Amino acid sequence: MNPTPLTSPVLIGRDAELTTIAEAAGQVRLGHGRALFVTGEAGIGKSRLIRDAGRAVTGMTVLSGRATVAGTSMPFRPLVEALNTRLRVGPTPTGPELEPFRPALSRLFPEWRADGAAGSGAGESTLVLAEGVLRLLAVLGREQPLLLVLEDLHDADPETLEVLGYLTANLAGLPVLVLASLRTGPSPALDLAYRLRRDHDVPLLALSALTPAQVTQLAAQCLRTDPADLPDRLADRLARNSDGVPFVVEELLAGMMASGALRQHDARWHSDHDLAGPVPVTVVRAVADRADRLGPPGRRLLEAAAVIGARFPLAVLHSMLEQTAEATDELLRAATAAHLLRPDPTDPDWYAFRHALIATALLGELPHRERSRLAATAARALAARYPDLPGELCPLAAELRLAAGDSAGAAHLLAQAGDRALAQGAANSAATLLERAHHLLRSCGDRPGSVAVLERLLTALEEIGEFDRAQGLVNAVLALPDLTTAEAIALHSRLGWMAFHGGRTADAESRIAAARMLLGPDAGAAQLAAVDVVHAHVLSLQEGRADEAERVALRAATEAERVPLPEVVCRARQLLALMARRRGFAEADRHLLEVLRVAEEHRLPLWRIRASIRLASNRMIQTGHSEQLRQARAAAWAMGAVHTGYEADASLAMHDVFYGRYDEALRGAGECAAAMVRFGKAGDLRYALAVQAAAHAHRADRAGMEAALAEFARRGGLDSYHMPIVHGLSRAFCALLEEDRPAARCELDAARAFDERRDTIYYQYGRYGLALLLDVLAGGAGRREYEEVAAHPAAALRWNRQFVHFADAVLLGATGAAGPAATALARACEAAAVFPTAHRLGLRLVAEAALEHGWGDPARWLREAELHFQTIGTPWVAAACRTLIRRAGQRAPQRRTGHDLLPPRLRERGVTVREHEVLLLLAERHGNKEIARRLYLSHRTVEKHVASLLRKLDQPHRSALCDYAAAMPAPGHGEPAG
């Protein structure tokens with residue numbers, strides 16, 4: 001007779017949980033991504049619930065992965081196992097949204113790495129990889145909705161949890177159901193589950209113990225009989241001793257059957273013993289009894305396997321037992337038949353305990369000396385069978401050596417595993433492994449080894465932003481009596497850079513001061529360069545110390561080139577390029593070309609692409625042409641430099657603003673902003689929001705601009721170096737398109753004040769162009785002021801150059817020099833040709849001055865400007881152009897029908913286009929005098945329009961009319977015109 005399987009063919013007591021999972025699966029089939037976490041103590045039935053749920057949901061591809069104890073130090077193991085469920089049996093997914101992330105995904109799937117590719121994606125953050133996994137799931141989900149199962153996350157590595165948190169927070173719109181399991185009890189995984197439940201309403205299904213009635217059902221199902229046919233007192237005994245844990249129920253039944261206390265006869269179960277007697281009542285005893293029944297060889301096999309772990313490679317077990325392969329295989333079959341072991345479904349060369357608690361129970365029975373002996377034997381066998389110790393075998397070998405008492409050997413293996421994790425971009429796992437290695441080496445008295453490991457550990461801690469943890473480790477080492485001065489300087493410098501990079505400028509300054517105190521007259525170039533590059537960056541943020549920062553950065557670059565220290569050279573030259581912009585872009589480009597040379601020479605692909613992006617950005621700023629930046633951006637995405645690619649995208653979005661491509665700008669900046677929110681990159685997010693504000697401002701969409709700026713402020717932007725964009729390219733430009741020149745001048749003054757307080761990296765905000773033109777028009781600047789601005793290198797930038805030439809034309813026209821004024825205007829129009837809105841704004845402003853001084857053809861310029869502003873939906877400046885055309889004695893275009901501007905509800909009430917223009921200004925609570933000034937109307941005419949609006953719109957008074965106007969959508973952004 002075949003032995004009775006000791007598992008129930010049906011799931012007992014989990015109907016509510018299965019219903020919840022089925023409902024979530026239904027939502028996922030409709031394209032609404034969901035996530036569920038299943039928690040409970042060991043043996044409570046988490047895996048069984050998930051397995052049955054996977055069978056129950058139909059029309060979904062199931063991707064399953066499981067974390068293991070050894071896998072805690074193997075980054076991404078559950079994710080790789082789950083995704084390979086599909087990737088190993090189907091074609092490689094493709095798609096334009098996936099391609100930029102293929103280098104990052106090659107960290108999970110090395111076979112995806114393109115031959116000869118410069119980048120592997122390892123330099124990018126885990127969040128970039130998480131975005132890649134998200135996109136991969138989206139592509140796979142097009143074939144069929146996905147059920148992503150990740151089990152035993154209490155044993156998962158930090159990177160897996162980080163990716164899982166990212167996925168779960170961004171599932172909206174994806175046909176993916178994430179179903180994860182973990183044990184109760186303190187763990188990072190449980191912290192993640194609670195956080196996701198709080199922040200994203202992710203359900204947490206906590207499995208409770210079975211009731212006595214459910215235990216009875218479970219026992220009957222395991223024994224394939226009816227509950228009424230169970231032997232007397234069996235159900236009571238199981239309920240009392242199992243605490244309602246299904247695994248314990250099964251183990252107790254197995255122990256009773258193995259001991260003969262429970263046997264089957266004539267299709268019924270009988271008990272020949274008093275079940276209240278010495279039947280094993282704990283899992284440990286039950287497992288030990290069943291192991292003993294396999295005989296001494298079987299017990300030794302199980303003990304050897306348990307020392308290795310819940311999963312173990314067969315080849316190592318064969319080597320440990322010193323017996324024939326046939327004998328070992330026979331014992332494995334016997335242990336499998338006894339429901340103690342099972343083949344590992346993920347690897348045919350591995351076996352696993354049927355439940356991790358079985359291995360734990362066996363280890364609990366082993367004396368310490370025997371466990372150490374077996375661990376040493378296993379470590380030797382593992383190294384002999386797998387000399388390179390790939391993947392999870394390296395940390396496994398370290399744990400075995402540690403259990404065997406070989407702390408030094410374990411430390412070196414942990415350091416090796418940590419270095420591998422760091423190279424793979426798994427900084428969290430690397431930090432855990434390297435910190436253990438560091439402490440073990442210190443405890444062994446290996447001070448040089450521990451300091452060397454600490455250097456790599458600091459790199460990992462910088463990646464994950466753990467400055468305080470790094471500082472504690474460094475301070476402990478700095479207190480060692482035998483630490484050399486060179487080592488102390490290196491540690492201070494390293495921690496100083498980490499502090500600066502993390503935004504802790506005061507800590508960085510403190511570390512640099514400590515390092516300088518240790519530098520002697522014979523300090524080497526490497527020491528000087530390491531200190532100087534951090535010091536230069538700190539100085540660059542301090543008011544009035546820009547020149548000193550440049551001197552120190554140049555010294556750092558020079559010393560680093562002598563060593564060489566290529567990374568330090570690149571850091572220093574990049575800072576020099578940024579600061580050299582004050583004197584023009586030629587010098588800045590020379591520094592960037594040096595970065596490019598060093599990166600090529602030392603094979604630093606990320607620095608090469610960064611330098612290419614910045615060179616191309618400089619060219620775009622100077623000339624207005626973006627082709628080079630688009631090529632560099634494509635190269636960044638192709639090599640998987642995702643953050644650098646988004647940086648280029650944001651620059652291109654601002655370029656689209658200048659070029660009048662506002663929809664493209666908003667789309668590009670919006671995509672950047674969404675990515676930066678997911679990646680947690682506050683600085684890049686603020687820039688993307690500033691670009692969005694500028695895109696709205698350049699078509700006079702004040703409501704859109706203010707919404708973007710409110711988010712900008714909420715994200716900490718008011719103290720950022722992006723403020724010149726806010727004042728000059730957003731608020732000032734929007735005010736000019738609203739014909740509010742005083743407000744524009746005020747904003748430009750605010751931008752200049754910020755610039756003088758903190759050197760800006762933006763030179764197109766107005767100081768070297770637009771502000772000059774407004775000052776000349778207002779009579780506040782003459783030829784001397786013009787020459788001062790025109791001589792500045794920033795005035796040569798194409799965006800600024802157009803306004804400088806417009807200002808020159810106004811000055812020349814005011815002196816009666818009509819010919820030179822026309823020549824200056826032609827130069828302005830040539831520079832402005834690629835900037836459609838700025839070009840027409842310049843024509844509108846210059847035409848008013850030309851009318852006053854009688855030169856040029858202002859009516860023609862105004863017609864061109866009026867048509868442009870009418871087309872893009874900026875009514876105030878279009879109306880001003882028409883008024884000025886009439887002032888020139890010519891007939892202005894008739895826009896009174898205004899079908900492209902008037903919302904249907906206003907047209908139905910008989911509101912005219914001119915009344916609509918007045919209404920738009922009433923939304924901002926302007927008085928009649930200001931409205932008259934902005935629309936070039938008389939005060940009396942404005943009064944008539946306001947009275948007409950009150951009557952046509954049924955408003956009781958002016959305040960109510962203003963409220964009505966404020967509630968209307970902006971032109972072109974709400975209710976469609978008829």
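Because the structure is predicted, anything quoted here is derived from the model rather than measured.
Glu706 has a carboxylate O that lies under 4.0 Å from a charged side-chain N of Arg731, or vice versa, which qualifies the two as a salt bridge. For Glu664 and Arg667, the salt-bridge test fails: no basic side-chain N is under 4.0 Å from an acidic carboxylate O. Note on Arg745 versus Asp749: salt bridge recorded, some NZ/NE/NH1/NH2 to OD/OE distance being below 4.0 Å. Classification of Glu647 and Arg614 as a salt-bridged pair holds, one side-chain N sitting under 4.0 Å from a carboxylate O.
Under the ring pair (Phe, Tyr, Trp, His ring centres under 6.0 Å) rule, Trp799 has a single partner from Tyr659, Tyr762, Phe835, Tyr765, which is Phe835.
Without hydrogens or angle criteria, His698 side chain to Leu737 main chain gives no donor-acceptor distance under 3.5 Å. Counting only distance, with no hydrogens or angles, the side chain of Ser540 and the backbone of His537 share a donor-acceptor pair below 3.5 Å. For Arg934 (side chain) and Glu739 (main-chain N/O), a donor-acceptor pair under 3.5 Å exists by modelled atom type. At distances below 3.5 Å, not a single donor-acceptor pair connects side-chain atoms of Arg583 with backbone N or O atoms of Ala580.
Residue Arg619 places its CZ atom among 12 or fewer non-hydrogen atoms of other residues, nucleotides or ligands, all under 6.0 Å distant.
Contacts of Gln955 classified as side chain to side chain contact (heavy atoms under 4.5 Å, CB included), with partners at least two apart in sequence or in another chain: Leu950, Leu953, Ala960, Leu961, Tyr964. Partners of Arg891 by side-chain hydrogen bond (donor to acceptor under 3.5 Å, both in side chains), not counting sequence neighbours: none found. Partners of Arg752 under the side-chain hydrogen bond (donor to acceptor under 3.5 Å, both in side chains) rule, at least two apart in sequence or in another chain, are Glu756. Remark: Glu864 engages His839, Arg840, Leu843 in a side chain to side chain contact (heavy atoms under 4.5 Å, CB included) (not counting sequence neighbours). His939 pairs by the side chain to side chain contact (heavy atoms under 4.5 Å, CB included) definition with Asn928, Lys929, Glu943, not counting sequence neighbours.
Here the shortest heavy-atom pairing between Phe869 and Cys881 reads CD1-SG, 4.5 Å.
Counting heavy atoms from C-beta on, the side chains of Leu922 and Leu949 come closer than 4.5 Å.
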Side-chain donor/acceptor pairs under 3.5 Å, residues 817-833, sequence neighbours excluded:
residue, atom, partner, partner atom, Å
Thr823, OG1, Gly819, O, 3.2
Arg827, NH2, Asp808, OD2, 3.4

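A donor-acceptor contact under 3.5 angstrom links the side chains of Arg630 and Ser626, judged on distance only.
Interatomic distance, Asp656 CG to Asp663 CG, rounded to the nearest 0.5 Å: 10.0 Å. With rounding to the nearest 0.5 angstrom, the CZ atom of Arg686 is 8.5 Å from the CG atom of Asp719.
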